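A quick write-up on the structure given underneath.
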Protein chains: 4
Amino acid sequence: MDIKPYVRKTHYYETDQMGIIHHANYIHWMEEARVDFMEQIGFGYERAVKEGIDFALLGISCEYKSMVCFGDTVNIQVSLTSLTVTKMTVQYEITDALTGKLRTRGESIHCYFDSNRKRPVSLKKVLPELYDLFTSLSVK
Amino acid sequence: MDIKPYVRKTHYYETDQMGIIHHANYIHWMEEARVDFMEQIGFGYERAVKEGIDFALLGISCEYKSMVCFGDTVNIQVSLTSLTVTKMTVQYEITDALTGKLRTRGESIHCYFDSNRKRPVSLKKVLPELYDLFTSLSVK
Amino acid sequence: MDIKPYVRKTHYYETDQMGIIHHANYIHWMEEARVDFMEQIGFGYERAVKEGIDFALLGISCEYKSMVCFGDTVNIQVSLTSLTVTKMTVQYEITDALTGKLRTRGESIHCYFDSNRKRPVSLKKVLPELYDLFTSLSVK
Amino acid sequence: MDIKPYVRKTHYYETDQMGIIHHANYIHWMEEARVDFMEQIGFGYERAVKEGIDFALLGISCEYKSMVCFGDTVNIQVSLTSLTVTKMTVQYEITDALTGKLRTRGESIHCYFDSNRKRPVSLKKVLPELYDLFTSLSVK
């Protein structure tokens, strides 16, 4: 399956007094891109929760390569770079939609947990369909 | 009881590219001031929820009188200006902590609802202690 | 000219612990819809600033009619309901994109100011093209 | 000099529908703690900018160890863990103010740039007083 980049316009309220998009907003964008990724693969976040799996964030990181301004549109390319039965790593490449210039590289690490009993679980056991889907999409 | 103003430093991430605090943040500050108000009167928000009452926002408004910048500290004076058994109106006066200059006037209207069954209720019936407390503080 | 509603997906980070979209986000959405409105009429916000006009917010209000949840998409219909040479009133009707159910009604009042000298000006004098455009779109 | 932890109450609007503080807010808190750190060492952020130095964020990361909820207060301990003439690394340890339990570990990397000409500079050359202050506080 070919994952399309998530396209995101910047908002005025995301700017700061330096005249650029404030860095905390990239964390929001990465979440939006994850949700979009789940929809693209046909297994929306809410369906995962309904079928018993939620995702807990273990860690997040961002490298800021160049600035984004109000009026810019960015493309966010999501890829699954590591997958085990208990956790996954997601990478994000944020580029300017017009020029392709790299803006930010990000990464988030998630574990799976039981959405009712709130404890870590094996995705392979609880939701094998989603585990197989993630496996097929995972970048080696 | 004498309600003290809620004192709030501004944050860098609250600024926008015009070099001032972005207007949406005042809505956050009003919420912070409401929570502080509940603590000052000895009936914290979480206790209200635990005892069966939650608050739903019916409306909110803000008049922007002068700008607030990063580095400024503001005082937010909360007052209950209207109270019935089903709803209440809260007013906010945001002034510069140093000069006393008026920055913003705000207002929010809330109804009470049953925190378990999620439907509107009479505060007087469900939590008379809090209703009486609000009544004693209400500005005629 | 026919102004199309601004279509907005809700984001996970916009939810609060009540399980709904937190009310402060509507203020953000109204801003996004204003920016979209300016683009639809062919006079983007940044062009206005470049040609000497910026907008200062004098007041904002929201009436919350029903709740919006993560996963919902809303339509935001913008209309200019009042226009003078020094200020304008913008109204927003936020409805569920699927059912058309009314979620929120909002209003914002703006004055025009000189983007260089930072003082209030007559839009009719400084940027008559934009004033005429607004006039033709203003709802009587 | 003994740097005191920055004490921060959590806000209702920082929660998400999982009933916890949304992870993006920690990035905000780290910024607040940096600003507080600059004040504690007697060289506020705005003074640095006025004297010609601004800070650009090169990277940020967070490891989430346990959840923070509305009503909690956290302590954020800031330390300078690496310092060169062109950049610095700041670490953050976020613990529960009541129990001391570790919530989050964070790190941010900044370079210095000329606040007028917007290009990277040596802090040692441009603002030796601040460089020496940072050096004296830097944790080896």
Side-chain angles (χ1 to χ4, degrees), chain A residues 6-17 19-40 42-51 53-57 60 62 68-74 76 78 90 92 97-98 106 108 110 115-116 118, chain C residues 6-17 19-40 42-51 53-57 60 62 68-74 76 78 90 92 97-98 106 108 110 115-116 118:
Chain A
Y6 173 66
V7 181
R8 177 58 150 78
K9 279 197 165 187
T10 51
H11 300 315
Y12 190 85
Y13 60 81
E14 295 179 317
T15 61
D16 66 23
Q17 68 179 34
I20 58 173
I21 298 298
H22 187 272
H23 62 271
N25 292 294
Y26 295 71
I27 310 293
H28 288 161
W29 299 355
M30 286 158 62
E31 184 183 275
E32 292 176 37
R34 275 199 305 280
V35 168
D36 180 70
F37 170 83
M38 295 289 285
E39 273 162 29
Q40 282 194 53
F43 211 113
Y45 170 74
E46 283 151 306
R47 183 177 155 205
V49 172
K50 215 167 282 167
E51 301 199 8
I53 282 291
D54 210 333
F55 302 85
L57 190 63
I60 205 157
C62 256
V68 181
C69 293
F70 172 61
D72 294 353
T73 296
V74 292
I76 309 178
V78 170
V90 187
Y92 311 81
L98 222 58
S108 60
H110 308 260
S115 47
N116 299 118
K118 309 282 176 198
Chain C
Y6 173 67
V7 181
R8 176 58 150 76
K9 278 197 165 187
T10 52
H11 300 316
Y12 189 86
Y13 59 80
E14 295 179 317
T15 61
D16 65 24
Q17 67 179 35
I20 58 174
I21 298 299
H22 187 272
H23 61 270
N25 293 293
Y26 295 71
I27 309 296
H28 288 160
W29 300 355
M30 285 158 64
E31 184 183 275
E32 293 176 35
R34 275 199 304 282
V35 169
D36 179 70
F37 170 84
M38 295 290 284
E39 273 162 30
Q40 282 194 52
F43 211 113
Y45 169 74
E46 283 151 305
R47 182 176 156 206
V49 172
K50 215 167 284 171
E51 302 199 8
I53 282 291
D54 209 334
F55 302 86
L57 190 63
I60 203 157
C62 257
V68 181
C69 293
F70 172 61
D72 294 353
T73 296
V74 292
I76 308 178
V78 169
V90 187
Y92 311 81
L98 222 59
S108 60
H110 309 259
S115 47
N116 298 118
K118 311 281 176 199

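Everything numeric in this text was worked out from a predicted model, so none of it was measured. Order of the sequence lines fixes the chain letters, A, B, ..., with proteins taken first and strands second; residue numbering starts at 1 for each chain.
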Legend entry - Under 4.5 Å from a heavy atom of chain A, the part of C:Tyr45 involved: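 The side chain, not the backbone.
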Inset, instruction - Taking all heavy atoms of A:Phe70 and all of C:Glu46, pick out the closest pair and write down the distance. - result: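 Reported closest heavy-atom pair: O-OE2, 3.0 Å.
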Inset, instruction - Go through A:His11, A:His28, A:Glu14, A:Glu39 and name the one with the most non-hydrogen pairs under 4.5 angstrom from chain C. - result: A:His28
